[in-house]
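Heads up, the thing below is written out as structure tokens.
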Amino acid sequence: HRETSDDCRSCLECSRDNGCVRCPERLFLFLQREGISHHGTCLHACPAGHYGQRGKDINRCMKCRSSECEHCFSRDFCTKCKPGFQLYKGKCLTRCPEGTFAHQTDCLEDCLLAPLGEWSDWSACVRGGVNCGFRWGKQTRTRGAAPSGRLPEEQAAPLCPSHTETQRCRMQKKCPTERRNNKNGGLGRKKERKRLRLLANNNAGNTPNSTTDAAGEHGDA
């Protein structure tokens, strides 16, 4: 049978119904289920979703435990995930865990692989969410990962979040409401001081007159 003879070219032992039964020393026996039986093939490398397990008598292709795993080192340790999944410590996840960063198909725990770019310019001086106010505010600048120069998607998704610095800054302008309040407050204080001076002068002028009038009354008497 031609199909059987083709399947048996790389085998040491072959069955008409089940294909390869035993493979040369360096090849792996890969068994595919066909209905209720298995069909064996001898391969140099195991297919996706499988890993090679070497044994004393025979090398076999074993299936990865996780269905999301495209290649695995052992049954429970994945080395490459299927599209749509991120690889983290041998597991295929739909999203990277907290404290890690997505890079291509992996979740990284640190940013040592990403050289940092230049600092951005300092932002406008802001206080309470607005760029006007009294005295002091804060301004920030950021520095992200330097462009890798490889693929556009790598540049669009740097390895690490941006670093941020914050510093104290003097507000460059006052808010319009503050200027009005300060102006009104200044006028009010001036009026109050003037009123106090007039009151003091009146009190000072009234005291001698009261004494003189009292003396005149005693003289007339």
Side-chain angles (χ1 to χ4, degrees), residues 3 6-15 17-120 140 142-165:
E3 288 185 1
D6 287 344
D7 288 347
C8 292
R9 281 181 181 179
S10 59
C11 303
L12 289 181
E13 293 183 21
C14 188
S15 164
D17 296 324
N18 301 110
C20 291
V21 178
R22 192 161 69 93
C23 299
E25 184 178 351
R26 294 187 178 182
L27 301 187
F28 294 94
L29 176 63
F30 175 54
L31 296 176
Q32 288 178 290
R33 183 180 292 275
E34 294 181 353
I36 59 174
S37 63
H38 287 84
H39 184 82
T41 309
C42 292
L43 305 173
H44 288 277
C46 294
H50 296 75
Y51 68 98
Q53 185 180 65
R54 295 190 179 275
K56 185 178 180 180
D57 299 323
I58 191 169
N59 303 324
R60 296 179 180 274
C61 288
M62 308 297 291
K63 194 171 185 179
C64 306
R65 179 190 290 271
S66 172
S67 60
E68 295 86 12
C69 185
E70 188 168 316
H71 295 292
C72 56
F73 175 75
S74 62
R75 186 166 183 258
D76 296 308
F77 195 94
C78 188
T79 55
K80 183 180 179 182
C81 299
K82 292 181 179 178
F85 296 90
Q86 301 291 132
L87 179 64
Y88 179 66
K89 292 186 176 181
K91 304 294 182 183
C92 294
L93 309 174
T94 54
R95 58 184 299 178
C96 290
E98 186 177 354
T100 64
F101 312 100
H103 173 57
Q104 296 182 359
T105 59
D106 297 320
C107 297
L108 302 181
E109 290 185 327
D110 56 57
C111 300
L112 298 178
L113 300 178
L116 295 176
E118 298 294 327
W119 284 107
S120 66
T140 59
T142 59
R143 182 166 78 168
S148 63
R150 295 176 185 173
L151 301 175
E153 56 265 27
E154 288 186 23
Q155 298 180 21
L159 298 182
C160 308
S162 298
H163 294 256
T164 303
E165 279 188 352

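Residue numbers count from 1 along this sequence.
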Rounded distance [0.5 Å steps], CG in L43 versus CZ in R60: 13.5 Å
ring-ring contact (aromatic ring centres under 6.0 Å, His included) pairs, two or more places apart, involving residues 44-70: F30-H50
Gamma sulfurs of C92 and C81 within less than 2.5 Å: yes
Separation between CZ of R26 and SG of C42, rounded to the nearest 0.5 Å: 15.0 Å
Salt bridge (charged side-chain N to carboxylate O under 4.0 Å, His left out) between K82 and E68, intermediate numbers included: CA-CA 6 Å; K82 292 181 179 178; E68 295 86 12; over 6 Å; no
Closest contact, heavy atoms only, T164 versus T140: CG2-CB, 4.3 Å
Evaluation steps, disulfide bond (SG atoms under 2.5 Å apart), between C96 and C107: CA-CA 6 Å; C96 290; C107 297; 2.0 Å; yes
Distance SG-SG for C72, C64 less than 2.5 Å: yes
Distance (rounded to the nearest 0.5 Å) between S74 OG and M62 CE: 11.5 Å
Check: D106 and Q104 side chains under 4.5 Å, non-hydrogen atoms: no
E13, CD: over 12 other non-hydrogen atoms inside 6.0 angstrom: yes
Nearest atoms (heavy-atom pairs only) where H103 meets L108: CB-CD1, 3.9 Å
